[in-house]
2 protein chains.
Amino acid sequence: MRKWKIPEVTISRLSLYLRCLSELEEEGVEVISSAELGKKCGINPAQIRKDLAYFGEFGTRGVGYYVKDLKEDLKRIMGLDREWEVALVGVGNLGRALLSYQGFKRHGFKISVAFDKVIDEERKKAVPEGCELYHASMMEEVIRKKKIKIAIVAVHFSEAQRVVDALVKSGIKGILNFAPVRLSVPKGVVVRHIDLGIELEVLTFFVNTKMY
Amino acid sequence: MRKWKIPEVTISRLSLYLRCLSELEEEGVEVISSAELGKKCGINPAQIRKDLAYFGEFGTRGVGYYVKDLKEDLKRIMGLDREWEVALVGVGNLGRALLSYQGFKRHGFKISVAFDKVIDEERKKAVPEGCELYHASMMEEVIRKKKIKIAIVAVHFSEAQRVVDALVKSGIKGILNFAPVRLSVPKGVVVRHIDLGIELEVLTFFVNTKMY
DNA sequence: TAACTTTTGTGTACACTTTCACAAAAATAG
DNA sequence: CTATTTTTGTGAAAGTGTACACAAAAGTTA
Ligand SMILES: NC(=O)c1ccc[n+]([C@@H]2O[C@H](COP(=O)([O-])OP(=O)(O)OC[C@H]3O[C@@H](n4cnc5c(N)ncnc54)[C@H](O)[C@@H]3O)[C@@H](O)[C@H]2O)c1
Ligand SMILES: NC(=O)c1ccc[n+]([C@@H]2O[C@H](COP(=O)([O-])OP(=O)(O)OC[C@H]3O[C@@H](n4cnc5c(N)ncnc54)[C@H](O)[C@@H]3O)[C@@H](O)[C@H]2O)c1
């Protein structure tokens with residue numbers, strides 16, 4: 001689709017810029033320079049301009065960027081100019097926290113369906129309005145029918161690869177994984193890992209060595 | 001303590017190697033080459049050797065690495081040869097999930113104290129055996145007394161910086177932050193961000209552009 | 001219209017990370 | 001004891017991302 005390789009960090013910074021721009025818009029700021037934006041989100045101004053340059057020219061020399069315009073451009077670039085339905089697999093402790101999190105809506109995401117291999121009262125209660133709970137055996141059918149492309153995996157690590165294989169078969173293209181295992185997926189499917197164990201251990205290293 | 005600059009990615013890979021080594025030990029594997037370990041955890045063998053080389057020589061040429069020894073060496077290097085007490089701030093949806101997570105123990109971490117500005121029955125019930133719940137106003141006193149160095153922040157984003165300032169004053173040196181804000185901390189304090197909004201948006205970009 | 005100011009967009013240099021490739025070391029076989 | 005095999009540890013090359021620095025563009029002032 002695009003001719004060259006855009007680094008993944010660039011994309012995550014775009015997301016960061018987007019958040020800053022939303023804040024600026026709420027504050028009533030209409031125009032911002034890369035220098036000011038950089039200060040606000042802790043990124044080098046040249047880096048911001050380089051990141052944007054992957055996608056085109058969005059600023060006005062001598063002026064800066066129009067907050068509203070840049071925000072809309074970034075949303076379009078990232079595919080965030082529409083709502084995305086998300087599937088959640090695993091309505092355990094973590095899954096329930098995710099279901100009750102209101103912040104996703106603000107980003108344009110909606111967990112519209114949840115799956116678990118156990119369906120009990122506790123889990124039914126955890127599922128909010130506008131989200132349906134199904135038994136894990138229904139995964140492929142439901143996801144396929146709803147054409148959902150993004151899923152969150154919050155099952156025990158021993159089940160994660162099995163679940164992911166099923167998700168991929170169902171047409172899922174992006175997976176946010178909380179289980180502490182490296183998952184294998186075919187080309188064309190993106191996985192991002194949230195690994196709290198590793199995060200805590202990295203912190204420990206730096207705290208322990210008392211440097212920096 | 002050590003002369004150099006070790007990249008943060010190296011540290012997170014060490015943590016990954018550690019996890020693989022634990023699995024290998026359970027499987028009864030006694031010796032492993034960088035090639036095999038690399039295949040197991042999806043890292044280039046030369047990378048593994050380079051990562052280890054920051055800290056010394058751990059292998060035997062022509063043989064490989066003794067699983068048990070390397071595991072112990074890595075634990076020592078990362079400061080994981082002892083238990084770490086962790087403080088949790090914010091016993092909301094996410095905080096409760098973290099409190100009930102059994103996986104931290106396996107890594108040698110223990111959430112031994114939790115704080116919230118609201119203390120009610122629901123929150124009291126969420127706190128397991130071996131963990132104490134205090135009002136947020138007690139934070140500095142309790143953390144100082146217990147000499148806790150690592151904290152997890154799971155409060156609303158509007159409170160996060162305030163909480164972090166208090167944590168730093170209490171002697172906390174490492175912070176795992178779930179609130180969607182860039183935190184400012186003095187030198188000597190390490191912060192790692194878990195930002196689910198950004199993670200989902202990055203996924204969306206790749207899914208949306210249908211490339212990789 | 002011309003001089004001046006501001007800030008972008010980008011070529012280039014720099015820094016950091018990963019991978020390659022091979023000598024050195026250790027074990028094993030003859 | 002020497003040759004052979006294996007696999008580490010590491011210098012150098014390749015690759016990738018970041019930051020600098022400045023010409024080009026747009027606006028502003030006179
Ligand atoms: N809870 C946390 O704070 C936390 C922190 C870090 C990592 N994690 C990881 O997140 C994952 C979930 O953690 P948790 O604490 O919610 O665990 P949990 O045991 O409370 O919940 C897991 C849920 O997944 C369901 N499940 C299991 N296999 C399934 C399958 N094949 N299909 C559908 N549903 C299935 C279970 O019925 C259960 O409801 C684990 O991999 C864990 O390591 C959790
Ligand atoms: N729940 C999720 O799945 C999820 C996902 C992504 C990010 N987050 C982020 O994690 C944070 C917590 O999310 P949540 O869903 O648990 O929110 P929540 O509102 O359920 O819980 C927040 C808790 O923090 C407490 N709190 C607020 N200010 C405090 C203070 N100054 N000192 C001590 N305690 C205080 C509140 O009383 C409440 O119990 C938020 O910043 C949120 O953006 C949560």
Side-chain angles (χ1 to χ4, degrees), chain A residues 2-17 20-21 24 29-71 73-74 77 182 202 211-212, chain B residues 2-17 20-21 24 29-71 73-74 77 182 198 202 205 211-212:
Chain A
R2 215 158 272 111
K3 44 184 191 282
W4 73 92
K5 237 204 71 180
I6 294 158
E8 212 159 299
V9 275
T10 288
I11 307 303
S12 66
R13 279 192 302 259
L14 291 189
S15 175
L16 189 62
Y17 305 154
C20 283
L21 290 167
L24 288 165
V29 178
E30 295 191 342
V31 180
I32 193 158
S33 66
S34 58
E36 288 172 278
L37 184 58
K39 207 185 291 171
K40 187 167 167 74
C41 60
I43 305 278
N44 179 303
Q47 182 74 75
I48 296 178
R49 300 198 295 272
K50 264 274 154 71
D51 285 339
L52 296 177
Y54 281 110
F55 301 95
E57 302 194 0
F58 304 97
T60 308
R61 295 177 190 215
V63 178
Y65 302 90
Y66 291 93
V67 173
K68 192 160 172 296
D69 294 351
L70 184 57
K71 186 186 154 193
D73 286 330
L74 286 183
I77 289 165
R182 298 289 116 179
V202 172
M211 39 165 299
Y212 192 149
Chain B
R2 225 163 262 115
K3 37 186 192 276
W4 38 262
K5 257 237 17 207
I6 292 159
E8 212 159 298
V9 275
T10 288
I11 307 303
S12 66
R13 281 194 300 261
L14 291 189
S15 175
L16 189 62
Y17 304 154
C20 283
L21 290 167
L24 288 165
V29 179
E30 295 191 343
V31 180
I32 194 160
S33 66
S34 59
E36 289 172 277
L37 184 58
K39 207 184 294 172
K40 188 168 167 74
C41 59
I43 305 278
N44 179 303
Q47 182 75 77
I48 296 178
R49 299 198 297 271
K50 264 274 153 71
D51 286 339
L52 296 176
Y54 280 109
F55 301 94
E57 303 194 0
F58 304 98
T60 308
R61 296 177 189 214
V63 177
Y65 301 90
Y66 291 93
V67 172
K68 191 161 173 294
D69 293 351
L70 184 57
K71 186 185 154 193
D73 285 329
L74 286 182
I77 288 166
R182 298 290 116 178
I198 288 182
V202 172
F205 171 84
M211 41 174 286
Y212 242 91

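The basis for the numbers below is simple: all heavy atoms, side chains too, and nothing from hydrogens, waters or symmetry mates. Quick note on labels: first sequence line is chain A, next is B, and so on, each numbered from 1.
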Nearest-angstrom distance from the residue atom [atom1] of [X] to [atom2] of [N]:
X: A:Leu70; N: C:dG9; atom1: CG; atom2: C1'; answer: 14 Å
X: A:Gln47; N: C:dT10; atom1: CD; atom2: P; answer: 15 Å
X: A:Glu8; N: C:dT17; atom1: CD; atom2: P; answer: 17 Å
X: A:Ile48; N: C:dT10; atom1: CD1; atom2: P; answer: 16 Å
X: A:Leu52; N: C:dG9; atom1: CG; atom2: P; answer: 7 Å
X: A:Tyr66; N: C:dT7; atom1: OH; atom2: P; answer: 12 Å

**OP:** Using only heavy-atom distances, decide whether a donor-acceptor pair under 3.5 angstrom links the side-chain of B:Lys50 to the base of C:dT19.
**Re:**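 Flag set: donor-acceptor pair detected.
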Find the distance between [atom1] ([X]) and [atom2] ([Y]) and round it off to the nearest 0.5 Å.
X: B:Lys50; Y: B:Ile43; atom1: NZ; atom2: CD1; result: 15.0 Å
X: A:Ile77; Y: A:Leu70; atom1: CD1; atom2: CG; result: 8.0 Å
X: A:Glu36; Y: A:Tyr65; atom1: CD; atom2: OH; result: 12.0 Å

Subject >> N or O in side chain of A:Tyr65 less than 4.0 angstrom from C:dG9 OP1/OP2 >> reply: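 The answer is yes; a side-chain N or O of A:Tyr65 sits under 4.0 Å from OP1 or OP2.
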Subject >> side-chain N/O B:Asn44 vs C:dT17 OP1/OP2, d < 4.0 Å >> reply: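 Negative; the distance criterion is not met.
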[X] side chain near [Y] side chain, heavy-atom distance below 4.5 Å:
X: A:Leu21; Y: A:Val29; value: no
X: B:Phe58; Y: B:Leu74; value: no
X: A:Ser15; Y: B:Phe205; value: no

Subject >> A:Leu37 versus A:Leu24, closest heavy-atom pair with distance >> reply: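 Scanning both residues completely, I find the closest heavy atoms to be CD1-CD1, 4.1 Å.
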Subject >> 5′-ward residue of the pair A:Arg49/A:Val63 relative to DNA chain D >> reply: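 First, find each residue's nearest nucleotide; the 5'-ward one identifies A:Arg49.
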**OP:** Specify the residue among A:Arg61 and A:Thr10 whose closest nucleotide of DNA chain D lies further upstream toward the 5′ end.
**Re:**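 Closest to the 5' end, via its nearest nucleotide, is A:Thr10.
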Subject >> Span of DNA chain D, from the first to the last nucleotide whose atoms fall under 4.0 Å of chain A heavy atoms >> reply: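 Contact span on the strand: D:dG17 to D:dG27.
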**OP:** Mind checking B:Pro45 for me? I need base, sugar-phosphate or nothing, with any heavy atom below 4.0 Å counting as a touch.
**Re:**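 Counting heavy atoms under 4.0 Å across all strands, no contact is made by B:Pro45.
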